Trainee: 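Attaching a single structure in structure tokens format; questions to follow.
Only a predicted model underlies this, so the values are computations on that prediction, with no experimental measurement involved.
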Amino acid sequence: MSDDLYSSLTRRVEEAFERYDSYFPILHYAVYVPLQGLLDAAAGSISCKSGCSFCCSRLVVTSRVEGLALADYIFGYSSLDPDRVSAAVSTHAGALRSFMDGLTEEKDRNEIWFTKNIPCPFLENALCTVYEARPLSCRTYHSLDDPGKCKEPLRTVGQEKMLTDAEALFQMVLYRVAAKVDERLAMTGLFSLIMDEIIKSDMLKK
């Protein structure tokens, strides 16, 4: 990791808090915009395309601060119907809680959940309805192989080292963003469970 790059990114974190006062624009400026440059550079080598959504039925782990940014986007920056979103997230979270409660061994939970073919609550017609605010784990998830291989429960596709390294780097940047508000916001969890909790609470008040 380049010290210059990390220093540049940490400056963007400070600038984000000076310029904006809500979660989505802060994360957009500090994390998602600089990451997009790396995603654009890798676009020619990865096989992921719009409408390819097999990965959207996998378990997603994200940080609480990203959940807050996504809720901020839904309720303040998008034209999505909040009631419809809340219902979809609640249904998905309920199914996920039941699944987790019924597990006897956690080690295979990703593959077992994937075989249930329950898509992300934000997926409609094979497209992400919150694409601008999708979390880091979704942004950096990719394949170098034939998209058909993503139908397999066990993930064995080739990965672009630049993107796997970038995910680690930007996780550190996310931690810096979270720590400026409350370090507990850097905690991670299953995506729809975090979103269900946030949508039903007043956590958007920072």
Side-chain angles (χ1 to χ4, degrees), residues 24 27-28 31-33 35-63 66-100 108-160 162-164 166-167 170 188-196 198-199:
F24 172 63
L27 253 64
H28 185 261
V31 179
Y32 301 150
V33 169
L35 175 59
Q36 189 59 46
L38 297 178
L39 296 175
D40 290 342
S45 60
I46 65 176
S47 55
C48 310
K49 305 295 180 185
S50 177
C52 174
S53 59
F54 299 122
C55 59
C56 299
S57 293
R58 295 187 180 274
L59 291 179
V60 175
V61 174
T62 190
S63 62
E66 288 188 280
L68 285 164
L70 180 50
D72 186 25
Y73 171 80
I74 291 166
F75 294 108
Y77 295 89
S78 79
S79 59
L80 295 170
D81 180 345
D83 291 334
R84 184 177 178 186
V85 168
S86 297
V89 169
S90 180
T91 298
H92 193 275
L96 183 53
R97 287 190 185 95
S98 296
F99 167 72
M100 297 295 289
D108 297 323
R109 69 177 189 177
N110 294 314
E111 289 77 20
I112 297 171
W113 175 259
F114 182 73
T115 62
K116 293 179 175 296
N117 194 30
I118 301 175
C120 172
F122 299 110
L123 189 71
E124 290 187 11
N125 300 317
L127 296 174
C128 178
T129 59
V130 293
Y131 194 76
E132 289 183 71
R134 69 199 189 281
L136 177 64
S137 55
C138 294
R139 290 172 189 267
T140 56
Y141 199 93
H142 66 283
S143 169
L144 300 181
D145 297 320
D146 188 301
K149 198 169 184 180
C150 295
K151 296 179 182 179
E152 300 171 3
L154 185 62
R155 183 164 167 78
T156 58
V157 297
Q159 300 277 277
E160 171 61 65
M162 178 177 68
L163 292 184
T164 56
E167 182 172 12
F170 281 94
T188 59
L190 292 174
F191 185 38
S192 61
L193 300 186
I194 286 178
M195 292 308 304
D196 191 39
I198 289 172
I199 289 171

Trainee: Which heavy atom of Tyr77 sits nearest a heavy atom of Asp72, and at what distance?
Mentor: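 Scanning both residues completely, I find the closest heavy atoms to be CD1-O, 3.5 Å.
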Trainee: Where is the tightest heavy-atom contact between Leu127 and Gly51, given as atom of each residue plus distance?
Mentor: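 For Leu127 versus Gly51, the nearest heavy atoms are CD2-N, 3.7 Å.
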Trainee: Determine, using ring centers only, whether Tyr131 and Tyr73 are less than 6.0 Å apart.
Mentor: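 No - the distance between ring centres of Tyr73 and Tyr131 does not fall below the 6.0 Å cut-off.
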Trainee: Donor-acceptor pair, Ser86 side chain versus Pro82 backbone, under 3.5 Å?
Mentor: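 A pair under 3.5 Å: yes.
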Trainee: Between Thr188 and Ile194, which heavy-atom pair has the shortest distance, and what is it?
Mentor: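 Answer, listing the atom of Thr188 first, then Ile194: C-CD1, 4.2 Å.
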Trainee: Taking atom types as modelled and ignoring hydrogens, do the side chains of Ser63 and Glu66 form a donor-acceptor contact shorter than 3.5 angstrom?
Mentor: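 A donor-acceptor contact under 3.5 Å links the two side chains.
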Trainee: Is the side chain of His142 donor-acceptor paired with the backbone N or O of Thr140 at a distance under 3.5 Å, no angle test?
Mentor: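 Side chain of His142 to backbone of Thr140: a pair is present.
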Trainee: One thing to verify: whether Glu111 and Lys116 come together as a salt bridge, which I'm taking to mean a side-chain N less than 4.0 angstrom from a carboxylate O.
Mentor: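 Answer for the salt bridge query: no.
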Trainee: Hey, does Phe24 have a side-chain heavy atom less than 4.5 Å from the side chain of Leu68?
Mentor: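 No, their side chains stay 4.5 Å or more apart.
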Trainee: Quick one: does Ser137's side chain get under 4.5 Å of Val61's, heavy atoms only?
Mentor: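 A side-chain contact is absent here, since even the closest heavy-atom pair is not under 4.5 Å.
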Trainee: Just verifying a value: how many Å separate Leu190 CG and Asp196 CG, rounded to the nearest 0.5 Å?
Mentor: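 Nearest 0.5 Å value for the CG-CG distance: 12.0 Å.
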Trainee: Compare every heavy atom of Val157 with every heavy atom of Ser143, then report the nearest pair and how far apart it is.
Mentor: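 Heavy atoms only, the tightest pair is OG-CB, 3.4 Å.
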Trainee: For the residue pair Ile118 and Phe99, establish whether any side-chain heavy-atom pair is separated by less than 4.5 Å.
Mentor: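 Counting from C-beta outward, Ile118 and Phe99 never come under 4.5 Å.
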Trainee: Looking only at heavy atoms, what is the nearest atom pair of Leu136 and Glu167, with distance?
Mentor: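 For Leu136 and Glu167, the tightest heavy-atom pair comes out as CD2-O, 3.7 Å.
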Trainee: Under the criterion side chain to side chain contact (heavy atoms under 4.5 Å, CB included), I'd like the reasoning laid out for Cys120 against Val60: C-alpha separation, chi angles, the key distance, then a yes or no.
Mentor: CA-CA 9 Å; Cys120 172; Val60 175; over 6 Å; no
Trainee: Between atom CD of Glu132 and atom SG of Cys128, what is the distance when rounded to the nearest 0.5 Å?
Mentor: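 These two atoms lie 10.0 Å from each other.
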Trainee: Flag the pair Met195 / Val85 as yes when at least one side-chain heavy-atom distance between them is below 4.5 Å, and no otherwise.
Mentor: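 Side chain of Met195 against side chain of Val85, heavy atoms only: no contact under 4.5 Å found.
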Trainee: To the nearest 0.5 Å, tell me how far Phe191 CZ sits from Arg134 CZ.
Mentor: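 The CZ atom of Arg134 is 11.0 Å from CZ of Phe191, to the nearest 0.5 Å.
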Trainee: Please list all pairs passing the side chain to side chain donor-acceptor pair (under 3.5 Å) test where one or both residues lie in residues 41-50, with sequence neighbours left out.
Mentor: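 Sorted pair list: Ser45-Glu160.
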Trainee: Do Tyr32 and Gln36 have side-chain heavy atoms sitting under 4.5 Å apart?
Mentor: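 SC-SC contact between Tyr32 and Gln36 ruled out.
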Trainee: Mind checking the CZ-OG spacing from Arg58 to Ser53? Nearest 0.5 Å is all I need.
Mentor: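 One finds 12.0 Å between CZ of Arg58 and OG of Ser53.
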Trainee: What's the shortest heavy-atom distance between Cys150 and Phe54, and which atoms?
Mentor: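 Closest heavy-atom pair between Cys150 and Phe54: O-CB, 3.7 Å.
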Trainee: If you draw a 6.0 Å radius around CG in Asp40, do more than 12 non-hydrogen atoms from other residues or ligands fall strictly inside?
Mentor: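 Check passes, neighbour count above 12.
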Trainee: Roughly how far, to the nearest 0.5 Å, is CD1 of Ile198 from CG of Leu193?
Mentor: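 The CD1 atom of Ile198 is 11.0 Å from CG of Leu193, to the nearest 0.5 Å.
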Trainee: A side-chain contact here means heavy atoms from C-beta on lying under 4.5 Å apart; do Phe114 and Leu59 qualify?
Mentor: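 When only atoms from C-beta onward are counted, Leu59 and Phe114 do not touch, as no gap falls below 4.5 Å.
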Trainee: At what distance, to the nearest 0.5 angstrom, does CG of Leu27 lie from CG of Leu70?
Mentor: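 So the CG of Leu27 and the CG of Leu70 are separated by 10.5 Å.
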Trainee: Do Thr129 and Leu80 touch side chain to side chain, with heavy atoms closer than 4.5 Å?
Mentor: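 Sidechains of Leu80 and Thr129: in contact.
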Trainee: Would you find more than 12 non-hydrogen atoms of other residues, nucleotides or ligands less than 6.0 Å from Arg109 atom CZ?
Mentor: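 Buried by this count: over 12 neighbours within 6.0 Å.
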Trainee: What I'd like to find out is whether the side chain of Leu96 reaches to under 4.5 Å of the side chain of Trp113, using heavy atoms alone.
Mentor: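 Side chain of Leu96 against side chain of Trp113, heavy atoms only: contact under 4.5 Å found.
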Trainee: Show me the pairs that pass side chain to side chain donor-acceptor pair (under 3.5 Å) and involve residues 145-157, at least two apart or across chains.
Mentor: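 Listed by first then second residue: Tyr141-Arg155.
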